[in-house]
Structure formats: C-alpha cells, structure tokens
Amino acid sequence: MVSIDLYKNLPTSDELPDSDDTPVDNEDQNFLPNYLLFLLAIIWKDRNDWYFGVDMGIYHTSGENPRVPVIPDGFLTVGVNRRRPGNKSRKSYVVWEEGGMVPQLVLEVVSWTPGNEYESKMAIYEKLGVLYYVIYNPEYYQRDRHQPFEIYRQIDGKYQLQSGEPYWLPEIGLGIGRTQATVGGIDREILSWFDQYGRRYLSSEELAQQAQLEAQQAQLEAQKERQARLAAIAQLDNIGLTVQQISVALGLSINEVRQQLEES
C-alpha cells in the first residue's frame with residue numbers, strides 16, 4: 001500500500017469526470033466485459049476483495065497529467081473492496097484512492113476504429129504496472145497483423161506475449177480465454193473465466209439450464225427405478241413371499257403391492 005501523503009494534493013473521485021461521453025462502437029466492447037463481470041459475481045459471490053470495471057476511467061499518476069484517465073473496455077483489481085467506504089459505488093477508478101492498487105488485468109476489445117491497443121495504450125498499461133494485458137480482436141486481427149486473442153504479461157517491466165489458451169493467471173486465481181457458448185439463445189464466441197483445470201465457469205443462465213436438466217434426469221431415473229420395483233413384485237410373489245415381505249423388500253407400501261398384484 002502507498003502512503004496517503006503521496007497523493008494528498010491530487011483531486012478526489014468526486015472532482016474528476018466519470019465519463020468521456022464517447023460511446024463504444026461495437027457490441028462486443030460492451031457485452032464481453034459485462035459478461036466477465038456477471039460471471040465473476042457468480043464465481044466470487046462470497047468474496048468482497050475484488051472490483052471489475054467496465055468502460056470506466058482509471059486515474060493514475062504514471063502519466064503526464066493525473067486528471068487524464070485511461071479507459072479500458074474492462075479491468076480487474078484483486079485486493080480492493082467491491083464498494084467504496086459508505087457503501088458507495090465508484091464513479092471512476094482512482095488509483096490514489098485505492099491505496100495505490102493498480103488493476104492486475106485490463107481488457108481491450110478492438111473495434112473497426114483503431115484504438116491504439118497495440119501502441120499507446122499498451123505503453124500506458126505497461127508504465128502503469130498492469131500485470132496482464134488482454135487484447136481481443138476477432139474481426140480485425142488480420143488488418144492489425146496480430147492474433148484474434150493475445151495476452152501479455154509484464155516481465156522485468158516489459159510486456160511479453162504469452163501462449164496457451166485458456167491462459168492461467170496464478171496471481172488472480174482464474175484462467176481466461178475464448179469459448180463457444182449460447183447466450184440469450186444465440187450461439188456465439190465469448191470470453192470467459194476458467195478454473196485451473198481449463199474448465200469453463202458457467203453463467204447463471206447455463207447453471208439454471210443445467211439444474212433443470214439434472215432435475216429432469218433425476219425424475220426419469222426415479223421413475224425407472226420405481227417401474228423396476230413394481231415389475232419385481234410378480235417375481236417375488238411367484239416365489240411365495242407374502243405381501244408384507246414384498247413391501248419390505250422393495251420399499252413399497254402394502255397398498256402399492258396389492259394394487260400391482262391385482263393389475264397383473
């Protein structure tokens with residue numbers, strides 16, 4: 001943590017603008033960071049030591065002017081409270097109000113309009129000290145002469161391109177990568193979080209669907225098991241067991257046994 005005195009002459013978050021009034025220019029720039037945020041709210045629902053910002057300004061002191069923010073499409077900081085003191089939401093992410101805590105990961109989604117993701121923004125995040133820099137560029141990677149998904153890690157103060165996907169982030173305790181999923185009834189490629197074994201974390205929609213399928217499967221299994229027990233009644237009756245004995249052996253009521261014998 002950095003001494004508060006170091007930042008005593010800097011503006012507060014209330015004094016800094018919290019919007020650049022510049023809209024995103026493609027769907028993924030809004031959807032994908034929000035998807036990662038909502039997924040984290042499930043994965044880390046019992047934790048309050050993290051913050052994920054979407055299209056939010058990061059104010060810092062590593063640039064020429066602390067009043068000029070850098071605005072990634074998404075960023076993650078582990079080690080800060082999800083809510084500010086007084087249970088207030090953040091207008092911006094102001095590093096000097098976060099004890100000097102810099103995001104460990106930033107995400108940029110490349111759009112039709114080049115945003116200097118591979119040049120000036122990379123230099124800013126590198127100087128700021130962001131450990132991981134993720135660039136997602138599924139549409140324009142050939143134009144930019146890069147790969148659709150790239151992740152850079154700071155090593156000795158410089159970003160170095162990493163390999164492997166999903167890529168495990170040991171300092172964060174998550175993996176990140178691309179996957180195919182059905183979201184809102186639409187099949188599409190998304191970015192997602194993964195566990196250390198490369199298993200994708202499921203969204204609330206997928207978890208609900210999984211629970212429904214499991215309940216249906218359990219119901220079918222119960223029906224099959226009951227039909228098997230009912231079918232065994234005649235066999236036990238043929239070898240001379242009484243109604244009471246069959247009831248105990250199969251875990252059925254006496255009335256169920258009698259009814260099945262009458263119908264068979």
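The basis for the numbers below is simple: all heavy atoms, side chains too, and nothing from hydrogens, waters or symmetry mates. Since the model is a prediction, treat every value here as computed from it, not as a measurement.
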Practice prompt. Let me see the working for Thr77 and Val102 under side-chain contact (heavy atoms from CB on, under 4.5 Å), right down to the final yes or no.
Written response: CA-CA 7 Å; Thr77 309; Val102 172; over 6 Å; no
Practice prompt. Applying side-chain contact (heavy atoms from CB on, under 4.5 Å), run through Glu126 and Gln154 and close with a yes or a no.
Written response: CA-CA 7 Å; Glu126 187 177 79; Gln154 280 228 29; 4.0 Å; yes
Discussion item. Test side-chain contact (heavy atoms from CB on, under 4.5 Å) on Met101 and Tyr51; report intermediate values, then the result.
Written reply: CA-CA 11 Å; Met101 185 71 72; Tyr51 184 76; over 6 Å; no
Worksheet item: Do Lys121 and Asp73 pass the salt bridge (Lys or Arg N to Asp or Glu O under 4.0 Å) test, and can you show the C-alpha distance, the side-chain angles, and the key distance before you say yes or no?
Response: CA-CA 12 Å; Lys121 275 201 166 182; Asp73 292 313; over 6 Å; no
Practice prompt. Test Arg258 against Glu263 for salt bridge (Lys or Arg N to Asp or Glu O under 4.0 Å), laying out the working first.
Written response: CA-CA 9 Å; Arg258 285 176 176 166; Glu263 292 176 357; over 6 Å; no
Worksheet entry | Leu37 and Asn34: CA distance, side-chain angles, deciding distance, side-chain contact (heavy atoms from CB on, under 4.5 Å) verdict | CA-CA 5 Å; Leu37 167 59; Asn34 275 293; 4.3 Å; yes
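Within the model, atoms CZ of Arg67 and CG of Leu10 stand 8.5 Å from one another, a figure rounded to the nearest 0.5 Å. With values rounded to the nearest 0.5 angstrom, Ile176 atom CD1 is found 5.5 Å from Leu105 atom CG. Atoms OG1 and CZ, from Thr179 and Arg200 in turn, are 4.5 Å apart once rounded to the nearest 0.5 Å. To the nearest 0.5 Å, atom CZ of residue Arg82 and atom CG of residue Asn48 are 6.0 Å apart. Put simply, CD on Gln235 and CG on Leu241 are 11.5 Å apart, with the number rounded to the nearest 0.5 Å.
Counting only distance, with no hydrogens or angles, the side chain of Ser247 and the backbone of Leu252 share a donor-acceptor pair below 3.5 Å. The backbone N or O of Val109 lies less than 3.5 Å from a partner atom in the side chain of Gln29, making a donor-acceptor pair. At least one donor-acceptor pair under 3.5 Å links the side chain of Glu206 to the backbone N or O of Ser203. For the pair Asp237 (side chain) and Ile233 (backbone), a donor-acceptor distance under 3.5 Å is absent. Proximity of a side-chain donor or acceptor of Trp193 to a complementary backbone N or O of Leu39 within less than 3.5 Å is not detected. Of the possible donor and acceptor atoms, one in the side chain of Asp195 sits under 3.5 Å from a partner among the backbone N and O of Tyr197. No donor-acceptor pair closer than 3.5 Å links the side chain of Ser92 to the backbone N or O of Val94. A donor-acceptor distance shorter than 3.5 angstrom exists from the side chain of Glu256 to the backbone of Ser253, with no hydrogens or angles considered. Although no hydrogens or angles enter the test, the distance criterion places a donor-acceptor pair under 3.5 Å between the side chain of Glu165 and the main chain of Arg178. Counting only distance, with no hydrogens or angles, the side chain of Arg143 and the backbone of Trp112 share a donor-acceptor pair below 3.5 Å.
In this structure, Glu171 pairs ionically with Arg153, as a charged nitrogen and a carboxylate oxygen lie closer than 4.0 Å. The residues Glu97 and Lys91 are annotated as not salt-bridged, no charged nitrogen and carboxylate oxygen being separated by less than 4.0 angstrom. Salt-bridge formation is detected for the pair Arg47/Asp49: a Lys NZ or Arg NE/NH1/NH2 atom is positioned less than 4.0 Å from an Asp or Glu carboxylate oxygen.
Residues Tyr152 and Glu150 bring a donor and an acceptor atom of their side chains to less than 3.5 Å of each other. A donor-acceptor pair shorter than 3.5 Å can be found between the side chains of Glu108 and Tyr125. Residues Tyr59 and Glu98 bring no donor and acceptor atom of their side chains to less than 3.5 Å of each other. For the residue pair Asp144 / Asn137, a side-chain donor-acceptor distance below 3.5 Å is found, with atom types taken as modelled. In this model, no donor atom of one side chain and acceptor atom of the other lie less than 3.5 Å apart for Gln147 and Tyr141.
Relative orientation of the Tyr133 and Tyr159 rings is tilted, given thresholds of 30° and 60° on the angle between their planes.
Partner of Glu225 under the side chain to side chain donor-acceptor pair (under 3.5 Å) criterion, out of Arg229, Gln227, Gln223: Arg229 alone. The residue from Glu221, Glu214, Gln219 that alone fulfils the side chain to side chain donor-acceptor pair (under 3.5 Å) condition with Gln217 is Glu221.
The shortest heavy-atom contact between Ser62 and Lys127 is O-CE, 2.9 Å. Nearest heavy-atom pair, Ile172 versus Trp44, reported as atom, atom and distance to 0.1 Å: O-CZ2, 3.6 Å. Shown here for Leu191 and Tyr35, the closest heavy-atom pair between the two residues is O-CD2, 3.5 Å. Ile42 and Ser204 make their closest contact through CD1-N, 3.3 Å (heavy atoms, listed as atom of the first residue, atom of the second, distance). Ser89 approaches Arg83 most closely through the heavy-atom pair CB-NH1, 3.4 Å. Ser120 approaches Asn116 most closely through the heavy-atom pair OG-CB, 3.0 Å.
Residues Val80 and Arg90 meet the side-chain proximity criterion, which asks for heavy atoms closer than 4.5 Å. At a threshold of 4.5 Å between non-hydrogen side-chain atoms, the residues Ile254 and Gln244 count as touching. Looking only at side-chain heavy atoms (C-beta outward), Asp55 and Ile71 come within less than 4.5 Å of each other. The side-chain heavy atoms of Arg188 and Asp28, taken from C-beta on, include a pair separated by under 4.5 Å. Between Pro138 and Phe149, every side-chain heavy-atom pair lies at or beyond the 4.5 Å cut-off. Counting heavy atoms from C-beta on, the side chains of Leu76 and Val78 come closer than 4.5 Å. Using a 4.5 Å heavy-atom cutoff, the side chains of Phe31 and Ile190 are in contact. For the pair Glu189 and Tyr136, the minimum side-chain heavy-atom distance is below 4.5 Å.
The same ILVMFWY cluster, assembled from side-chain heavy atoms under 4.5 Å apart, contains both Tyr167 and Leu36. In this structure, Val70 is a member of the same hydrophobic cluster as Ile135, with clusters built from ILVMFWY side-chain heavy atoms closer than 4.5 Å. A single hydrophobic cluster is not seen to contain both Leu236 and Val248; linkage of ILVMFWY side chains at heavy-atom distances under 4.5 Å, directly or through other members, places them apart. A continuous path of ILVMFWY side-chain contacts below 4.5 Å connects Ile124 to Ile58, so both sit in one hydrophobic cluster. Taken together through direct or relayed side-chain contacts under 4.5 Å among Ile, Leu, Val, Met, Phe, Trp and Tyr, Leu174 and Val54 form part of one hydrophobic cluster.
Between Phe75 and Tyr93, the ring centre distance stays below 6.0 Å.
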